[in-house]
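These notes concern the structure reproduced below.
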Amino acid sequence: NAADIVWNLQTWPLELVDWPVQNSHRRDVWLDPNSGIPGADVASHRVLPANERPQLRWNSDPFSLDGGSGFTELDPGAWLLPYWMARYHELIV
């Protein structure tokens, strides 16, 4: 869906520092009771915008609510790859 691609690219944070975020206490986030192993990380029922979640790479869980350390700065490859793939396949202009 092109709208989902654009939404994700627009909400991706410009600063790529892995800042600590804690969203599990938010009242506007519905928790998913069937999210994986009991005692594991709390997960959201829906994906939060990229600038509100701890995921800065595609090999992590976008439904994860808490994480980050503030000690890591990442390269923009996780944003550039989906952008250029969407441009190549003419999903965005």
Self-check item: For T11 against A50, the heavy-atom pair lying closest together
Solution: OG1-N, 3.2 Å

Quiz prompt | N51/Q10 under side chain to side chain contact (heavy atoms under 4.5 Å, CB included): CA gap, chis, key distance, verdict | solution = CA-CA 9 Å; N51 56 3; Q10 287 178 339; over 6 Å; no

Quiz item: I92, M85: one ILVMFWY side-chain cluster at the under-4.5 Å cut-off?
Solution: no

Practice problem: Answer yes or no: are there more than 12 heavy-atom neighbours, outside W19 itself, under 6.0 Å from its atom CH2? | Solution: no

Quiz prompt | Close side-chain approach of N8 and V47, heavy atoms under 4.5 Å | solution = no

Quiz item: Considering only heavy atoms from C-beta outward, does the side chain of Q55 approach that of D61 to under 4.5 Å?
Solution: no

Self-check item: Exercise: identify the closest heavy-atom pair between W58 and P82
Solution: NE1-CG, 3.8 Å

Quiz item: Which distance, rounded to the nearest 0.5 Å, do you find between the OH of Y83 and the OH of Y88?
Solution: 16.0 Å

Exercise. Identify the heavy atoms of P13 and L56 that sit nearest to each other, and give their distance.
Key: CG-CD2, 3.7 Å

Quiz item: Does one hydrophobic cluster hold both W84 and W12, with members joined at side-chain heavy-atom distances below 4.5 Å?
Solution: yes

Quiz item: Quick one: does N23's side chain have a donor or acceptor within less than 3.5 Å of a partner on E52's backbone?
Solution: yes

Quiz item: Nearest heavy-atom pair of L48 and W7: which atoms, and what distance?
Solution: O-CH2, 3.6 Å

Quiz item: Any donor-acceptor pair under 3.5 Å linking the side chain of D18 with the backbone of T72?
Solution: no

Exercise. Might you point out which heavy atoms bring L65 and P54 nearest each other, and give the distance in Å?
Key: O-CD, 3.9 Å

Practice problem: Determine whether L16 and P76 make a side-chain contact, defined as any pair of heavy atoms from C-beta on separated by less than 4.5 Å. | Solution: yes

Self-check item: Reported CZ-to-CD1 distance for the pair R87 and I5, which is rounded to 0.5 angstrom
Solution: 13.0 Å

Exercise. Check whether any side-chain heavy atom of R57 sits under 4.5 Å from a side-chain heavy atom of D75, and report yes or no.
Key: yes

Quiz item: Closest heavy-atom contact between Q22 and D66?
Solution: CA-OD1, 3.1 Å

